[in-house]
Amino acid sequence: MLFFTGSILFAAVASARPSRMIPRQQFVDVGGFKINAANRIIPVVVGGTQDTFVPNTVTASVGDIIQFQFSNGNHTVTQSAQDTPCQPLQATVATAIHSGHIPFQDGQTTVGTFNMPVTSTDTMFLYCATGPHCQEGQVMIVNPTDDQQIVNYAKAAASTNSSVDGSAVSGGTVASIPLEAAAFVPAPAQQDPPAGAAPAAEAPAAAESSAASAPAADPAATTSSADAASAITTISAAAGATITLPLIGDAALPGTTTVIVTVTPTAAAAPAA
């Protein structure tokens with residue numbers, strides 16, 4: 001009886017043990033890379049209304065994918081050494097990170113991306129090689145050692161005179177995502193001025209225009225004034241005499257051509273005391 005009972009208990013325990021299951025890894029396709037679903041996709045916005053990386057520091061683990069999403073403008077993700085900001089590390093390390101230039105224009109319905117798999121937890125220094133963007137602060141660090149490191153890197157970048165572009169795309173893949181899936185909203189499209197709107201006149205042009213629009217002097221009036229001036233003469237007459245003078249130019253009243261003037265006697269001078 002005891003043997004029978006023990007056999008039943010053993011069978012019950014054996015049947016209750018779960019069967020051995022081999023877990024199936026789940027992978028996610030990110031821009032051509034297959035990553036474990038347990039790893040993260042970390043979005044970083046490149047450019048936009050300001051030439052920046054947002055965020056400009058990222059802490060990532062091996063296996064994570066940093067997805068750089070390119071907003072307004074034309075930008076790159078280029079790796080440098082810590083002590084040579086704005087200079088491509090590709091000059092000495094061929095496998096260093098470089099995305100190439102990826103633009104975003106008004107009206108796009110997709111967003112260009114650069115998907116960079118994290119293969120090491122070492123600190124990585126990145127910058128944008130477009131124009132003066134690096135000097136203006138478009139830099140970032142992956143796995144910084146402390147908060148001050150990004151400040152020091154940005155200051156060092158600002159002290160450089162120019163940026164050097166990378167060469168071939170390296171360290172990631174260029175792809176795209178729908179705009180609605182992006183981690184940013186594009187800057188508003190720039191509006192063109194209304195058709196037919198007159199441009200504002202410049203100050204010198206306005207002065208010239210005013211001078212040009214002033215009415216020209218009446219030649220007849222000028223001649224009349226000159227004739228009147230030349231017609232003035234000196235006349236000597238005795239006291240009490242009457243003189244008839246012609247009226248010329250503006251002095252003439254309508255229907256009148258002459259004027260009669262009577263010369264008054266000169267008062268006698270008082271005798272000297």
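The first residue in the sequence is number 1, and the count goes up from there. Computed from a predicted model, the values in this text were never measured in an experiment.
Taken together, C134 and C86 meet the criterion of an SG-SG distance shorter than 2.5 Å.
Within the 3.5 Å criterion, the main-chain N or O of F53 finds no donor-acceptor partner in the side chain of N56.
Taking the side chain to side chain contact (heavy atoms under 4.5 Å, CB included) definition, one finds that T119 meets it with nothing, sequence neighbours left out.
Minimum interatomic distance between P144 and T57 (heavy atoms only, all atoms of both residues): CG-CB, 4.1 Å. Contact detail for G171 and P117: the closest heavy-atom pair is O-CD, 3.6 Å.
Looking at I141 and T123, their side chains come closer than 4.5 Å, going by heavy atoms from C-beta outward.
For the atom pair S71 OG and I102 CD1, the distance stands at 12.5 Å (nearest 0.5 Å).
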Audit row: S80, Y153, side chain to side chain donor-acceptor pair (under 3.5 Å) steps and yes/no: CA-CA 11 Å; S80 79; Y153 184 53; 2.7 Å; yes
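When each of H133, Q87, Q135 is tested with S163 by the rule side chain to side chain donor-acceptor pair (under 3.5 Å), just one qualifies, namely Q135.
No close placement of the H101 and H75 rings is indicated, their centers lying 6.0 Å or farther apart.
More than 12 heavy atoms of other residues, nucleotides or ligands sit less than 6.0 Å from atom CD of Q108.
With hydrogens and angles left out, the side-chain atoms of Q67 and Q69 include a donor and acceptor closer than 3.5 Å.
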